[in-house]
Structures are given as structure tokens and as C-alpha cells.
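Report on the following structure.
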Amino acid sequence: MTTHTTRMLIIGSGPAGLSAAIYGARAGMQPIVVQGLQPGGQLTITTDVENYPGFRDVIQGPWLMQEMQAQAEHVGTRMMWDTITEVDIAGGSPFTAKGDSGDEYVGDVLVIATGAQAKWLGVPGEESLSGKGVSACATCDGFFYRGKKVAVIGGGNTAVEEALYLTNHSEDVTLIHRRGDLRAEKILQDRLFAHPRISVLWNKRVEEFLGDPLAGGLTGLRLADTETGEFSTFGCEGAFVAIGHAPATELFRGKLPMDESGYLLVKPGTPKTDVPGVFACGDVMDHTYRQAVTAAGTGCMAALDAERFLAEREFSKVAETAEA
Ligand SMILES: Cc1cc2nc3c(=O)[nH]c(=O)nc-3n(C[C@H](O)[C@H](O)[C@H](O)COP(=O)(O)OP(=O)(O)OC[C@H]3O[C@@H](n4cnc5c(N)ncnc54)[C@H](O)[C@@H]3O)c2cc1C
């Protein structure tokens, strides 16, 4: 077992963790990033990214994350192939984390950037057609379906918001829900039902995503009626699965405050958690925006606040010594 010590320990290597690393390294905190099971984070499972600032042409998600990692390493970040399985934050700074490898990581500050994963239906065709008509993010991919017929699957706030957002691009949006009523807030439902380009298919469960990933992508959905059991086919070129996200916060249960869905709670407008020296950034603390650029932004904020935390602590120590 090896113990790796750093001023700034970052868990997660998506846009939030790597942005925190770039700022942290440039502030002299010699960060360590523990990458986890998905090095580079969620953008590594997508293809075209058109909304990350600075690139006029379409770029590829995996390429963007390689570049972010290269930049973080260039300024002095150490990247670790490991997954954190346990954290000890109760005693305050320094914070300790144990890796799957058996190694231990000790950081004066801890930046949590473990992200969130979209929940999927787990039915045939979903994985193979992902990025070829099947998506879990209307803000990210809606633009690619301009003028096309799309479906949104789900019945909560996210599904209704995604359906409303997609009307910016598509003339024909259908919300498909397995029940006969929605869980979404009433005000969102009112907007949905009043929208001329949105229709709702009630009591339908998606059994399969249809189409050929190598030739044209998604062509439709095979649906089952949850009341009669009858099967039908719904033709569409885009399908957005909007049944929620699961933040990767199991490690912190009982250790840091979270909301009812498991997102870490931070002080409003900051990445500060309840524990001084522990910061949370990116999708793990943000169920509203969930974009690479917002994750990178809050990663930057976490590093700036981490640097201030350490500077204030050093200053207090110097002042105490001078007084003694
Ligand atoms: C298919 C798809 C397409 C998308 N397209 C776009 C787009 O076009 N534009 C856009 O702005 N956004 C897009 N997004 C959203 C964007 O990817 C996320 O908002 C962003 O990646 C969040 O960054 P993050 O750093 O907070 O977390 P993530 O990217 O989720 O990264 C989390 C990191 O934490 C690590 N981790 C988790 N648990 C542990 C652990 N125990 N130990 C160590 N490491 C751990 C993971 O390995 C991973 O590296 C898309 C998302 C998906 C799924």
C-alpha cells in the first residue's frame, strides 16, 4: 500500500475534476486526480459536442476530455488510475480516501467531482443506438434533431422540461409515459398540455428502440400498452430518455448533507459543503444545468475556494505563532 499526499485531492476526472485540477495546479496545490471507472467522465460516452465554448467546428467528447487531461497534467496534476471506495472527512483536514487498489490518498482539501449518471431504461436497442438517435440530454443533443420527429420518455419534471426544450428544434414532440398521469409540477404540466407541438402518449412502456446503428440510426420505438398489453410501433428519429439521474454520492452518505435524490448540498452560489475544506463541483451537486461548461465552471470555483481555504489556514497559523 502506498500513501499519496497532496494539498488538493480531487475525486473524479470529468470536466469538473479536471478544471479544478488545472486551476489548483496553477495555484501551486499539486493536485492528485483519482479518475474512477470512467476516466474523462460522461463526455467520453458521447460523440459530437457542439456547445463547449472555443470550438467553432463540432468536436468529439472523448477528444475534449483527452485535451483537458493533457492540460491538467501539463500544469502539474498527477492522474491516478484508481477508484475511491472509502473517505474519512469527519476529523477535518487533512482528509483521507482509500482506493480500490489498496492505496491511500491524503489531501489538505478534498474536491468531490464524482458526477452523475443518466438512468436508462435497459431495453434492447438503447445502448447500440445511443448517440444514433437515442439520447439522455435534450440540451446537449436537441439541436441535432432540428425539424425531426422526436419522443421523450418519462413523466417527471425532467421529462416535461426536456419535451418543452425540444420544441425549440422539433415540430413534433411526443411525451411517452407508462402511467396515466404525470409526476411533474402542475405549472410544467400546464405548459406541456398547452403547447401546440407536443402530444402525450399515455400508458405506454418502451419495449425496444428500433433501427440500425450502422444505417440511419433510430427509426422508432416498440411500445407496449400498460393497460391492455397491446404492442404498437411509434416512428421517430430521436428519443430522449428522461427518467432521472443518479449522482455518484454513495461514498458520502451520512458524511455530507445531500438532497432527497442524493445530490450533494453546497452553500448557495458556492462549491462549499458543510465541512470546511471539502468542496463539491459539477453534476454531483447540480441537478439543474448538468453541462460540461457548468461542471468546468464550478470546478474552477472549487479550486479558487480551496486555495483561499488553505491560504486563510496558513495565515491563521502564522498569526498564532507570532502571538505566542
Ligand atoms: C451522452 C451524453 C452526452 C452529453 N453531451 C453533452 C454536450 O454535448 N455538451 C455538454 O455541455 N454536456 C454534455 N453532457 C453532459 C456532460 O457530460 C456532464 O454535464 C459533465 O460531464 C459533468 O461533468 P462532471 O465532471 O461533473 O462529472 P462526470 O463527467 O460525470 O465525471 C465524473 C467522474 O467521477 C469519477 N468517479 C465517480 N465515482 C468515483 C470514485 N468513487 N472514485 C474516483 N472517481 C470517481 C468518474 O470516473 C468520472 O471520471 C452529456 C452527457 C452525456 C451522458
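Note that ligands are numbered from 1 as they come in the structure, with each ligand's atoms numbered from 1 the same way. Starting from 1, each residue takes its place in the sequence as its number.
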Notebook entry, point to check: Heavy atoms only: which of Ala113, Gly17, Ser19 is nearest to atom 33 (C) of ligand 1?
Noted result: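 The nearest heavy atom belongs to Ala113.
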
Next item on the list: Would you mind finding which of Gln42, Met80, His245 brings a heavy atom closest to atom 29 (O) of ligand 1?
Entry: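 Nearest option to atom 29 (O) of ligand 1, by heavy atoms: Gln42.
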
Give the numbers and elements of all ligand 1 atoms closer than 4.0 Å to a heavy atom of [X].
{"X": "Gly282", "result": "26 (O)"}
{"X": "Gln38", "result": "46 (C), 47 (O), 48 (C), 49 (O)"}
{"X": "Gly41", "result": "28 (P), 29 (O), 31 (O), 48 (C), 49 (O)"}
{"X": "Ala116", "result": "30 (O)"}
{"X": "Leu251", "result": "41 (N)"}
{"X": "Asn51", "result": "7 (C), 8 (O), 9 (N), 10 (C), 11 (O)"}
{"X": "Ile11", "result": "40 (C), 42 (N), 43 (C), 44 (N)"}
{"X": "Val34", "result": "43 (C), 44 (N)"}

Does a sphere of radius 6.0 Å around [atom1] in [X] hold more than 12 heavy atoms from other residues, nucleotides or ligands, not counting ones at 6.0 Å or beyond?
{"X": "Trp81", "atom1": "CH2", "value": "no"}
{"X": "Phe252", "atom1": "CZ", "value": "yes"}
{"X": "Glu314", "atom1": "CD", "value": "yes"}

Notebook entry, point to check: Does the ring centre of Phe209 sit less than 6.0 Å away from the ring centre of Trp120?
Noted result: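 No; Phe209 has its ring centre 6.0 Å or more from that of Trp120.
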
Next item on the list: Decide if the gap between the ring center of Tyr145 and the ring center of Phe240 is smaller than 6.0 angstrom.
Entry: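 Aromatic pair counts; centres sit under 6.0 Å.
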
Checklist line | Closest approach of any protein heavy atom to atom 7 (C) of ligand 1, naming residue and atom | finding: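 Protein heavy atom with the smallest distance to atom 7 (C) of ligand 1: Cys140 CB, 3.5 Å.
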
Check: To which protein heavy atom is atom 39 (C) of ligand 1 closest, and what is the distance rounded to 0.1 Å?
Finding: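 Answer for atom 39 (C) of ligand 1: Thr114 CG2, 3.8 Å.
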
Checklist line | N or O pair under 3.5 Å between Thr46 and ligand 1 | finding: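 No, there is no polar N/O contact under 3.5 Å.
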
Notebook entry, point to check: Under 3.5 Å, N or O to N or O, is Gln35 touching ligand 1 that way?
Noted result: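 Between Gln35 and ligand 1, an N or O pair is found under 3.5 Å apart.
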
Margin query: Looking at Lys186 and Asp190, is there a salt bridge between them, counting it only when a charged N and a carboxylate O are closer than 4.0 Å?
Written below: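 Result for this pair is yes, salt bridge flagged.
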
Checklist line | Note: Asp225-Lys204 ion pair, threshold 4.0 Å (strictly below) | finding: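 So Asp225 pairs with Lys204 through a salt bridge.
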
Next item on the list: Using atom types as modelled and distance alone, determine if a side-chain donor or acceptor of Ser93 lies under 3.5 Å from a backbone N or O of Asp108.
Entry: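 Yes; judged by distance alone, with no hydrogens or angles, the pair exists.
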
Less than 3.5 Å apart, which donor and acceptor atoms pair up between the side chains of residues 31-46 and the rest of the protein, not counting sequence neighbours?
from, atom 1, to, atom 2, distance (Å)
Gln38, OE1, Gln42, N, 3.3
Gln38, OE1, Gln117, NE2, 3.0
Gln42, NE2, Ala116, O, 2.8
Gln42, NE2, Asp283, OD2, 3.1
Thr44, OG1, Gly41, O, 2.6

Note to self: Among residues at least two apart in sequence or on other chains, which ones pass disulfide (SG to SG under 2.5 Å) with Cys300?
What the structure shows: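 Expected list: none.
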
Next item on the list: Please state whether Ala118 comes within less than 4.0 angstrom of ligand 1, counting heavy atoms only.
Entry: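 It does not, in that no heavy atom of Ala118 comes within the 4.0 Å cut-off of ligand 1.
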
